[in-house]
Amino acid sequence: MQLNYFPIKFEFEEYQIKTEPYSEERLKELRALYNATHSFFRNGDYIYISNKEGEDTSLTGEIIPKRTFDDSQVTASLIKHLFFRTFKERFPNYIPVDFYPFRFFSAQAKDDIIYNALPENLRKRIAYKKLIEVQLRLTEINGIKQFGFLINIKRNWIFNKSCLELHSEGYNLIGVDVLYAEILPGLTEVLAPNEELLGVIAEIVDDKARIETNEGIKEYPLNQLFIKKSKYNIGNYLSFAISQQKSDEIMNLIESKRSDIYNTKALYDEILKISNHLFCENAAPILFHNKDGFCFTVDSQPLSVSNSIELKTPTFIFDPAATKTNSSNPDLGLSNYGPYDSSIFDIKSPNVLCICNRNNRGNFTKFLSNLKDGIPQSRYFQKGLQKKYDLQDVILNIREIQAYSIDEYLNVISGYDENKPHLAIIEIPASFKRQADLANPYYRIKAKLLSLEIPVQFVTSEIIGNHNEYILNSVALQIYAKLGGTPWVLPSQRSVDKEIIIGIGHSWLRKNQYAGAEQNRVVGITTFMSSDGQYLLGDKVKDVPFEGYFEELLKSLKQSIIRLSTEQGWSDGDTVRLIFHIFKPIKNTEFDVISQLVRDITQYKIKFAFVTISTVHPTMLFDINQSGIAKYGSNIMKGQYIPNRGSNVFLDEKTCIVQMFGANELKTAKQGISKPVLINIRTPQGNYNSSDLNDLLFYDLGYITQQIFSFTYLSWRSFLPGEEPATMKYSNLISKLLGKMRNIPNWDADNLNYGLKRKKWFL
């Protein structure tokens, strides 16, 4: 396997660099006087000076020694500045979009998908181009410390016609969201302008626009404004400039190229070409250097790696005694043995409210019959919901509506305020998905039912009319989980320590995406699972001001852990391991909460790990020996150069990447690229005083990586493994749904903290 990572080579372990004591005024002064030839950057209490090509006679300062890897932050800054300046020397006609991550657009017409589809006067003014991104990383793979550059390729819109030009052409700008382009002092022709999304144009007077911003109405010159580079905005302008038909053709052209754009083999080849272009000249490595003797070269070949550990597919368990197991397929195990909690599941004859449009009753009742009793000739769903999940009966109470209107649905549901069903199955048209959140019947119906503590399974009219065994199999799985059932569990980790895995999610509640939008309220989500994957409970932290989030999250975690400790029979003095999974931390806030939690719960010896799990990162894995897999019933190959599921590399002692979707897991060739998941055991950032916590932290990266990999088999949305572990999947699903429903009249999310706490209502 190979990473998109190109190692940097040094010929020294120590170097010297000139410094001055830091002050903001002095840093600005130095940059104003010497920016053309020198780089200046701050680290701690010092300004560090790198002389690329200037005379040093006028610059004084103390020359101090630094070690390449021990002083990694200073070394990293030197590398970035030298790379940037060398790039500008070698390619003076390129204007980078950003200094870091270093980004620039390809200048070749072939890298603009829509170049030949545009009329001559719009070429190069509007484009859908290849954007190259270069990021620096320090790794310690197989015990070897090294710096290297990660190279990625994206596709972005270019639209460099100002609002003044558009206005002069007669294009209507009222109601269009716009960017303000600011050229930073001293960076003309060095960096692209800094863009800030301001708001919506309300009025144009002469050559100025009055804009509705988050700080009120503000006025800007039209020549400094550009429309937001979104598919919608650019499509609208193209419809105006060259016709609706031509605009649609261009957008369809981009869509038709998707499988080419996201082809992993093509991406790998392009990255190699770019690395050779950036790091070599005439087949020899470029020497990046300054006048002070700091220099390096970059390998033009990506780093080759192998699996750091062998990740194993978990065994699936279908009874508390762990005698009924399947080591490869949870669906087969469920068909053979029934669900894990069959002997204790207390809703053996669920009463289900079923709502359909009267014009679709025939299809709906057929769907319900097949769901309940199965399809005899099918491979995966012969038994149906009732027998497969070991239920005594499924009581279907069918109610009709005359039209797909919110009032019709709510009239039926309101009749069940007292006599509550265990679940609702509701037919909706697919068109609901295209409606705005606030008025969308989907969210209003869900909010009403959840307020009554009734989980709901929506099924679109189109699926009801064309359902098959695969759809029914997934729907039945979701229904059982929503009723509170546990279809299967994983083997418990053998340990004398008690263990709970806790997913923490949060969502900012912000007015809009424009500059200055307040992000002063936050909602927190926590989900608790045992080490064998049983869903213990979910808890919602109230929508609170940011300053109150710490207190609310701490209170929620303490109450939940105290409840679980009683249920699971913990004894005073037990060692308890808490593994926290979090998608995106709020600086040190969650770490503060967890640290305080450990201090407050004194009756147990608590150790904890704080783990972030992300798909948004620049590291990729390639397997050039993977020739691809033929799609079923076709000769179209999918998954070329994508490593197998479970391929992994430890980037350092706290960081690992894991390929969750290999060639086998991709649905179609159009999915193309599948990025690995980045797992990071976090430690407090900045000047955080954590000396008293060191003995409490759990650092076993191999253990945590295997656990996260195993938990991707537990989403119960389908039988296929997912990309995220269930802890994060659940928190993210809950967070997304709460964000959609929070403005619905009379909706109170606190209802979720009662009867639905242990049910997977969000699947």
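- Taking the six-membered ring where tryptophan is involved, the planes of Phe711 and His581 are perpendicular, since the angle between them exceeds 60° and thus also 30°.
- Here the side chain of Asp623 pairs no donor or acceptor atom with the backbone of Tyr641 at under 3.5 angstrom.
- Side-chain contact check for Leu477 versus Ser474: every heavy-atom pair is 4.5 Å or farther apart.
- Ring geometry for Tyr730 against Trp716 counts as tilted: the plane angle lies between 30° and 60°, on a 0 to 90° scale.
- Of the possible polar contacts, none joining the Asn473 side chain to the Phe381 backbone as a donor-acceptor pair under 3.5 Å is found.
- Contact record, Phe318 with Leu334: CE2-N, 3.5 Å, taken as the closest heavy-atom pair.
- Between the side chain of Ser451 and the main chain of Lys448, a donor-acceptor pair closer than 3.5 Å is present.
- Remark: Phe650 engages no residue in a ring pair (Phe, Tyr, Trp, His ring centres under 6.0 Å) (not counting sequence neighbours).
- In this structure Glu133 satisfies the salt bridge (Lys or Arg N to Asp or Glu O under 4.0 Å) test together with Arg103, Lys154, sequence neighbours excluded.
- Partner of His467 under the side chain to side chain contact (heavy atoms under 4.5 Å, CB included) criterion, chosen from Asn370, Val459, Val475: Asn370.
- In terms of the side-chain contact (heavy atoms from CB on, under 4.5 Å) criterion, residue partners of Asp390 (sequence neighbours excluded) are, by chain and number, Pro339, Ser342, Lys348.
- For Glu427, the side chain to side chain donor-acceptor pair (under 3.5 Å) test picks out Asn360, Tyr404, Ser461, with sequence neighbours left out.
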Could you walk me through whether Thr655 and Arg137 pass the side-chain hydrogen bond (donor to acceptor under 3.5 Å, both in side chains) test, one step at a time?
-> CA-CA 12 Å; Thr655 312; Arg137 287 293 186 275; over 6 Å; no
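- The aromatic rings of Phe608 and Phe580 sit perpendicular, their planes meeting at an angle over 60°, well past the 30° parallel limit.
- Every residue two or more places apart in sequence or in another chain that forms a side-chain contact (heavy atoms from CB on, under 4.5 Å) with Pro421 is listed here: Leu353, Tyr416, Ile454.
- Annotation for Val352 and Val394: closest pair CG2-CG1, 4.1 Å, computed over non-hydrogen atoms.
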Would you please test Thr139 and Tyr5 for side-chain hydrogen bond (donor to acceptor under 3.5 Å, both in side chains) and show each step?
-> CA-CA 10 Å; Thr139 61; Tyr5 178 82; 3.0 Å; yes
Does the pair Ile153 and Leu267 meet the rule for a side-chain contact (heavy atoms from CB on, under 4.5 Å), with working shown?
-> CA-CA 7 Å; Ile153 298 171; Leu267 175 67; 3.8 Å; yes
Carefully, step by step, assess Phe345 and Tyr480 under the rule ring-ring contact (aromatic ring centres under 6.0 Å, His included).
-> CA-CA 10 Å; Phe345 188 63; Tyr480 189 71; 4.7 Å; yes
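- In this structure, the side chain of Asn648 engages the main chain of Ser308 through a donor-acceptor pair within 3.5 Å.
- Judged as a side-chain contact (heavy atoms from CB on, under 4.5 Å), and not counting sequence neighbours, the contacts of Asn468 are Tyr470, Ile471.
- The shortest non-hydrogen separation linking Gln626 to Ala663 is NE2-CB, 4.0 Å.
- Using a 4.5 Å cut-off on side-chain heavy atoms (C-beta onward), Ile681 and Thr612 make no contact.
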Criterion side-chain hydrogen bond (donor to acceptor under 3.5 Å, both in side chains) on Gln478 and Gln457, from CA distance to verdict | CA-CA 8 Å; Gln478 293 173 34; Gln457 181 74 39; 3.2 Å; yes
Verdict with supporting geometry, Ile657 and Leu621, side-chain contact (heavy atoms from CB on, under 4.5 Å) = CA-CA 9 Å; Ile657 55 170; Leu621 269 174; 3.8 Å; yes
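- For the atom pair Thr575 OG1 and Lys607 NZ, the distance stands at 8.5 Å (nearest 0.5 Å).
- Centroid-to-centroid, the aromatic rings of Tyr340 and Phe316 stay 6.0 Å apart or farther.
- Applying the salt bridge (charged side-chain N to carboxylate O under 4.0 Å, His left out) test to every pair with at least one member in residues 308-318, sequence neighbours left out, gives no pairs at all.
- Under the side-chain contact (heavy atoms from CB on, under 4.5 Å) criterion, Leu368 pairs with Cys354, Phe364, Leu396, Ile398, Ile425, not counting sequence neighbours.
- Between Thr712 and Pro725, the shortest heavy-atom distance links the atoms CG2-N, 3.7 Å.
- Residue Cys656 comes nearest to Val658 through the heavy atom pair SG-CG2, 3.8 Å, listed as atom of the first residue, atom of the second, then distance.
- Counting all heavy atoms, side chain and backbone alike, Ala424 lies closest to Leu449 at CB-CD1, 4.0 Å.
- Ser710 places a side-chain N or O within donor-acceptor distance of the main-chain N or O of Gln706, the cut-off being under 3.5 Å.
- A donor-acceptor pair under 3.5 Å links the side-chain atoms of Asn329 to the main chain of Leu332, judged by distance alone.
- Residues meeting the side chain to side chain donor-acceptor pair (under 3.5 Å) test with Glu469, sequence neighbours left out: none.
- With sequence neighbours left out, the side chain to side chain donor-acceptor pair (under 3.5 Å) criterion links His422 to no other residue.
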Run the side-chain hydrogen bond (donor to acceptor under 3.5 Å, both in side chains) check on Gln659 and Glu723 step by step: do they pass?
-> CA-CA 9 Å; Gln659 191 75 32; Glu723 195 170 12; over 6 Å; no
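- With hydrogens and angles disregarded, no donor-acceptor distance shorter than 3.5 Å links the side chain of Ser560 to the backbone of Leu557.
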Apply side-chain contact (heavy atoms from CB on, under 4.5 Å) to the pair Phe719 and Tyr713, showing each step before the final yes or no.
-> CA-CA 8 Å; Phe719 292 96; Tyr713 289 86; over 6 Å; no
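- By the salt bridge (Lys or Arg N to Asp or Glu O under 4.0 Å) test, Lys388 pairs with Asp331, sequence neighbours left out.
- Around the CD atom of Glu653, the shell of radius 6.0 Å holds no more than 12 heavy atoms that belong to other residues, nucleotides or ligands.
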Quick one: do Ile642 and Phe622 satisfy side-chain contact (heavy atoms from CB on, under 4.5 Å)? Show the steps, please.
-> CA-CA 6 Å; Ile642 295 179; Phe622 298 96; over 6 Å; no
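- Partners of Asn440 according to the side chain to side chain donor-acceptor pair (under 3.5 Å) rule, which considers only residues two or more places apart in sequence or in another chain, do not exist here.
- A distance-only check finds a donor-acceptor pair linking the side chain of Arg645 to the backbone of Met660 [under 3.5 Å].
- Tyr442 has its ring centre no less than 6.0 Å from the ring centre of Phe432.
- Although no hydrogens or angles enter the test, the distance criterion places no donor-acceptor pair under 3.5 Å between the side chain of Lys498 and the main chain of Trp570.
- The distance from atom CG of Asn680 to atom NZ of Lys654, rounded to the nearest 0.5 Å, is 7.0 Å.
- In terms of modelled atom types and a separation under 3.5 Å, the side chain of Ser378 and the main chain of Gly374 share no donor-acceptor contact.
- By the 4.5 Å heavy-atom criterion applied to side chains, Leu597 and Leu578 are counted as neighbours.
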